[in-house]
Number of protein chains: 2
Amino acid sequence: MKKFAMTFKALSDETRLRILSLLNQGELCVCDLMAVLQLPQSTVSRHLAYLRNANLISDRREGVWMYYRLEEKLPTLEEQSWESLFSQLLKQEQAEKDFVELKHYLAEKKGTRCV
Amino acid sequence: MKKFAMTFKALSDETRLRILSLLNQGELCVCDLMAVLQLPQSTVSRHLAYLRNANLISDRREGVWMYYRLEEKLPTLEEQSWESLFSQLLKQEQAEKDFVELKHYLAEKKGTRCV
DNA sequence: CAATCTTATCCGCTTATGCGGATCTATGTC
DNA sequence: GACATAGATCCGCATAAGCGGATAAGATTG
């Protein structure tokens with residue numbers, strides 16, 4: 001559950017979405033992104049680090065240049081439907097706990113209104 | 001682009017993911033959610049408002065009770081693949097601007113390294 | 001209308017996060 | 001080793017967002 005929230009958080013920033021869109025065109029280095037996005041180096045680096053920590057992108061060094069690309073497993077993720085993703089969410093430990101709790105609660109409630 | 005970021009932001013909180021999971025089981029009222037999640041009323045209300053503003057859920061009043069349910073269009077969204085969602089992201093005005101910029105940049109760059 | 005119940009919103013506080021300049025680290029060349 | 005370049009990280013700042021208690025608002029009943 002926390003993992004899902006983390007992934008969504010990584011996607012919740014416009015700059016990061018722009019970066020992901022550009023990386024979808026192919027591998028790019030920091031300076032490429034800086035030029036296209038017209039953003040300072042530190043800003044780009046920070047966002048790339050965030051996306052890498054969220055396992056959405058990976059990097060490789062070539063001399064002084066760092067190249068970034070979309071994580072390979074992302075395409076696999078692309079083939080999943082929201083339903084599939086959502087069902088994964090529903091299988092999370094916390095979600096299952098909540099469902100059990102919901103059942104107990106609704107059984108107790110039994111047509112009455114809020115306890 | 002901003003809209004995508006907003007939606008992802010709405011999904012980036014664990015409590016809100018729990019709420020969505022529960023609402024997937026069917027329509028519930030605030031007091032139901034309070035009881036199951038063991039959270040104060042104000043917290044639940046705040047998150048529900050956030051999800052409603054993100055158009056992920058909708059509400060109806062029945063007397064003093066407010067019932068919430070997953071937005072109807074969400075199931076439709078569930079049928080989309082990540083690829084489909086991603087391609088929508090790529091069609092955003094900002095993304096297209098970035099791609100044009102990327103082309104120009106790469107043409108200028110032409111095999112050389114960062115400018 | 002007052003009282004009661006449910007819920008939305010306000011409020012003050014704490015924590016998280018975005019920003020960009022400065023500085024540190026890694027790599028390459030002479 | 002000195003110097004240059006690219007990029008990661010630090011740092012201070014501003015803003016956003018999460019929390020829960022208090023309060024305001026909406027609905028119902030006597």
Side-chain angles (χ1 to χ4, degrees), chain A residues 1-2 4-20 22-23 27-54 56-69 94 105 109 112-115, chain B residues 1-2 4-20 22-23 27-54 56-69 94 105 109 112-115:
Chain A
M1 199 63 106
K2 279 183 168 51
F4 277 88
M6 268 187 58
T7 300
F8 287 131
K9 185 155 297 199
L11 297 170
S12 65
D13 178 73
E14 193 182 358
T15 302
R16 289 201 285 275
L17 287 179
R18 289 176 73 190
I19 288 171
L20 288 172
L22 288 172
L23 290 183
E27 190 181 55
L28 296 168
C29 70
V30 180
C31 51
D32 292 335
L33 291 166
M34 279 167 63
V36 174
L37 297 171
Q38 293 291 300
L39 289 174
Q41 180 266 319
S42 67
T43 301
V44 175
S45 275
R46 257 194 322 95
H47 285 302
L48 289 169
Y50 198 101
L51 291 170
R52 189 183 56 232
N53 289 336
L56 294 178
I57 63 175
S58 50
D59 58 14
R60 68 177 178 90
R61 180 177 281 276
E62 188 173 304
V64 298
W65 292 279
M66 290 294 289
Y67 286 89
Y68 289 83
R69 62 186 182 277
Q94 182 64 63
Y105 169 76
K109 188 177 169 180
T112 67
R113 284 283 159 77
C114 309
V115 290
Chain B
M1 200 62 106
K2 278 183 168 52
F4 277 86
M6 268 187 59
T7 299
F8 286 130
K9 184 155 295 195
L11 297 171
S12 66
D13 178 74
E14 192 182 357
T15 302
R16 288 200 286 275
L17 287 179
R18 289 175 73 188
I19 288 172
L20 288 172
L22 286 173
L23 290 183
E27 188 181 58
L28 296 168
C29 70
V30 179
C31 50
D32 291 335
L33 291 166
M34 280 168 61
V36 173
L37 296 171
Q38 292 291 301
L39 289 173
Q41 180 267 319
S42 66
T43 301
V44 175
S45 275
R46 254 193 324 97
H47 285 303
L48 289 168
Y50 200 100
L51 291 169
R52 189 183 58 235
N53 290 336
L56 294 177
I57 64 175
S58 49
D59 57 14
R60 68 176 178 91
R61 182 178 278 278
E62 186 174 306
V64 298
W65 291 278
M66 289 295 287
Y67 286 89
Y68 289 83
R69 63 186 182 278
Q94 183 64 63
Y105 169 76
K109 188 178 169 180
T112 68
R113 283 285 157 81
C114 309
V115 290

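Order of the sequence lines sets the chain letters (A, B, ...), proteins ahead of strands, with each chain counted from 1.
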Check: B:Leu11 and A:Leu11 side chains under 4.5 Å, non-hydrogen atoms: no
Please state whether the base of D:dA8 and the side chain of A:Gln41 form at least one donor-acceptor pair under 3.5 Å? yes
Measure the CZ-CG distance between B:Arg16 and B:Leu23 for me, rounded to the nearest 0.5 Å. 13.0 Å
Nucleotide D:dA25, atom P - distance to CE of B:Met66 in whole Å: 16 Å
Do B:Phe8 and A:Leu17 come close enough that some side-chain heavy atom pair is under 4.5 Å? yes
Under 4.5 Å between any side-chain heavy atoms of A:Tyr68 and A:Leu51, yes or no? no
Figure out the CG/P separation between B:Asp59 and C:dT7, and round it to whole Å. 12 Å
So B:Leu48 and B:Leu33, do their side chains get closer than 4.5 Å, heavy atoms only? yes
Given DNA chain D, 5'-ward residue of the pair A:Tyr68 and B:Val64, judged by closest heavy atom: A:Tyr68
In whole Å, I'd like the distance from the CH2 atom of A:Trp65 to the C1' atom of D:dA4. 11 Å
Here's a test for you: under side chain to side chain contact (heavy atoms under 4.5 Å, CB included), which of A:Val44, A:Leu28, A:Leu39 qualifies with A:Met34? A:Val44
Quantify the bending of the helix from C:dC1-D:dG30 to C:dC30-D:dG1 as the angle between its end axes, each fitted on five pairs, to 10°. 10°
Give me the distances for all protein-to-nucleotides 17-20 of chain C N/O pairs that come in under 3.5 Å?
| residue | atom | partner | partner atom | Å |
| --- | --- | --- | --- | --- |
| C:dT17 | OP1 | A:Lys9 | NZ | 3.3 |
| C:dG18 | OP1 | A:Arg16 | NH1 | 3.4 |
| C:dG18 | OP1 | A:Arg16 | NH2 | 2.8 |
| C:dC19 | OP2 | A:Arg46 | NH2 | 3.2 |
| C:dC19 | OP2 | A:His47 | NE2 | 2.3 |
| C:dG20 | OP2 | A:Thr43 | OG1 | 2.6 |
| C:dG20 | N7 | A:Ser42 | OG | 3.4 |

Would you indicate whether the side-chain heavy atoms of B:Leu37 and B:Leu22 approach each other to under 4.5 Å? yes
Expressed as a whole number of angstroms, how long is the span from B:Leu51:CG to D:dG18:P? 10 Å
With respect to the side chain of A:Val30, which nucleotide from D:dA8, C:dT7, D:dA6 is positioned closest? D:dA8
Between A:Tyr67 (OH) and D:dA6 (P), how many Å, whole number? 11 Å
Taking atom C1' of D:dA6 as reference, at what distance in whole Å does atom CZ of A:Arg60 sit? 15 Å
Tightest non-hydrogen contact, residues B:Ile57 and B:Arg52, listed as CG1-N, 3.5 Å
Tell me: CD of B:Glu14 to P of C:dA16, nearest whole Å? 14 Å
Nearest to the side chain of B:Arg52, which nucleotide is it out of C:dT9, D:dA8, C:dT7? C:dT9
Side-chain touch A:Thr43/A:Arg46, heavy atoms, less than 4.5 angstrom: yes
Rounded to the nearest angstrom, tell me the gap between atom CE in A:Met34 and atom P in D:dT5. 13 Å
